[in-house]
Amino acid sequence: MTATLTPPDLAQEAYDALAVVLDPELDEPITDLGFVRSLVVDGTDVVAHLRLPTSFCSPSFAYLMASDTKDVLVALPWVGRVVVELDDHHDSDQINAGLAADAGYRGTFLHEAEKDLEELRTTFRRKAHTAAMERCLTRLLRAEPDRALESVGTVALSDLPRDDATTAALLRRRAALGLPDHADALVLVDHEGTAPEAEQVPMALRRARSTRISIDGNAHFCRGLLRTRYPGSEAEQTHRTDGAEAADAAYDPTFVPLATLTRRSTHHHLEETPS
């Protein structure tokens, strides 16, 4: 028997559906970040209000999240009319008008929109993959302290822990880029699936770490800004260990210099950069 959803159930279903809408820069769901200010269901009408950490957050990022929110809500089978509005942003009026008219990004910002948003999406998908890749490889180095740093260039997906949230996060990022997921596929690759030469492995991992630290640092900063701007919003944020996805509760973000994870005999020693 199919259960009949009451309005509170519908509101929860709509809210839960927004978990697939990501902040492109932070690679986290807007529901976990506390960016959904309110969501009201009235019959088949849904009205959602979003909020951001500052009034000057990137207009392209803001539009992307608001537009994705509307797309997700419209796709629900029981939904009729959808209104999504961005509150307290310097471009709120322009973005909200564009969303109401289904004008698209270029139709909303006209001459200010030099490019569409797909290039932006692609850029941040690549960064998210790089960060997820670094988490998996650094975790492997911690688990195997005698492993030479250069050897991570030969690590395949089959070498990563199965049924592990960190591995699953990497596989999701690879799928988003169309990278192979077979057991023998190398982990340390760029967005095109190209692996570095052996002598380039330490630098490739170091660069990946820089990307991951940047994403994690921005996420921590933006969460704090939102709590400062909207007192009480912390109740709407999903707690996570810094540096991990909500699904990656087991991830240990403790900063460990890569140089301490190499054998003493290795010829490659890295100078740690400030975090």
Side-chain angles (χ1 to χ4, degrees), residues 15 18-37 49-66 68-69 86-90 120-121 123-142 164-170 172-173 176 205-261 270 272-275:
Y15 181 85
L18 297 183
V20 301
V21 178
L22 303 180
D23 180 302
E25 184 179 27
L26 309 183
D27 191 39
E28 286 192 63
I30 61 172
T31 47
D32 288 356
L33 291 163
F35 290 177
V36 182
R37 190 173 197 172
H49 283 259
L50 304 184
R51 61 189 173 190
L52 297 177
T54 72
S55 64
F56 49 86
C57 288
S58 166
S60 57
F61 294 177
Y63 180 86
L64 188 65
M65 287 183 276
D68 286 353
T69 295
L86 177 65
D87 298 341
D88 308 329
H89 189 272
H90 68 79
L120 180 68
R121 289 184 193 274
T123 295
F124 284 105
R125 282 172 180 164
R126 291 171 179 174
K127 289 185 176 183
H129 162 254
T130 298
M133 177 180 70
E134 186 274 342
R135 290 180 185 124
C136 286
L137 292 176
T138 297
R139 182 173 180 173
L140 185 66
L141 287 168
R142 289 195 184 106
D164 177 82
T166 308
T167 302
L170 174 61
R172 291 196 299 273
R173 302 312 188 276
L205 193 55
R206 185 174 181 176
R207 288 172 177 165
R209 165 165 286 178
S210 177
T211 298
R212 191 266 297 168
I213 290 174
S214 175
I215 292 174
D216 293 346
N218 284 339
H220 181 78
F221 185 58
C222 286
R223 282 169 171 263
L225 284 175
L226 188 80
R227 292 194 293 269
T228 299
R229 189 181 191 198
Y230 298 103
S233 61
E234 61 272 13
E236 305 300 324
Q237 294 179 328
T238 299
H239 175 73
R240 71 166 200 170
T241 304
D242 285 350
E245 295 184 315
D248 298 344
Y251 174 65
D252 175 11
T254 303
F255 185 76
V256 178
L258 288 178
T260 68
L261 299 173
L270 301 179
E272 193 53 57
T273 56
S275 59

Minimal non-hydrogen separation, [X] against [Y], with atom names:
| X | Y | result |
| --- | --- | --- |
| Arg135 | Thr166 | CB-CG2, 4.0 Å |
| Leu26 | Ala219 | CD2-N, 3.5 Å |
| Met65 | Ile30 | SD-CG2, 3.7 Å |
| Ser55 | His89 | O-CD2, 3.4 Å |
| Met133 | Ala208 | CE-CB, 4.2 Å |

Show, in sequence, the C-alpha distance, side-chain angles and deciding distance for Arg121 and Leu64, and conclude whether the side chain to side chain contact (heavy atoms under 4.5 Å, CB included) test is met. CA-CA 9 Å; Arg121 289 184 193 274; Leu64 188 65; 3.1 Å; yes
Rounded to the nearest 0.5 Å, what's the gap from [atom1] on [X] to [atom2] on [Y]? Could you check?
| X | Y | atom1 | atom2 | answer |
| --- | --- | --- | --- | --- |
| Arg212 | Leu205 | CZ | CG | 10.0 Å |
| Arg37 | Asp88 | CZ | CG | 5.0 Å |
| Thr211 | Arg126 | OG1 | CZ | 13.0 Å |
| Leu86 | Arg51 | CG | CZ | 12.0 Å |
| Asp87 | Tyr230 | CG | OH | 6.5 Å |
| Asp164 | Cys136 | CG | SG | 7.0 Å |

So Glu134 and Ser210, do their side chains get closer than 4.5 Å, heavy atoms only? no
Within the 4.5 Å heavy-atom criterion, are Phe35 and Pro29 side-chain neighbours or not?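 Counting from C-beta outward, Phe35 and Pro29 never come under 4.5 Å.
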Chi angles and distances behind the side chain to side chain contact (heavy atoms under 4.5 Å, CB included) call for Ser214, Asn218: CA-CA 6 Å; Ser214 175; Asn218 284 339; 3.9 Å; yes
Hey, is CZ on Arg229 packed in by over 12 heavy atoms from elsewhere, all under 6.0 Å? yes
Flag, side chain of Glu236 to backbone of Glu234, donor-acceptor distance under 3.5 Å: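 Absent.
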Let me see the working for Asp216 and His220 under side chain to side chain contact (heavy atoms under 4.5 Å, CB included), right down to the final yes or no. CA-CA 6 Å; Asp216 293 346; His220 181 78; over 6 Å; no
Here's a test for you: under side chain to side chain contact (heavy atoms under 4.5 Å, CB included), which of Asp23, Leu52, Leu22 qualifies with Leu33? Asp23
From CA spacing to verdict: side chain to side chain contact (heavy atoms under 4.5 Å, CB included), Leu18, Thr69: CA-CA 6 Å; Leu18 297 183; Thr69 295; 3.7 Å; yes
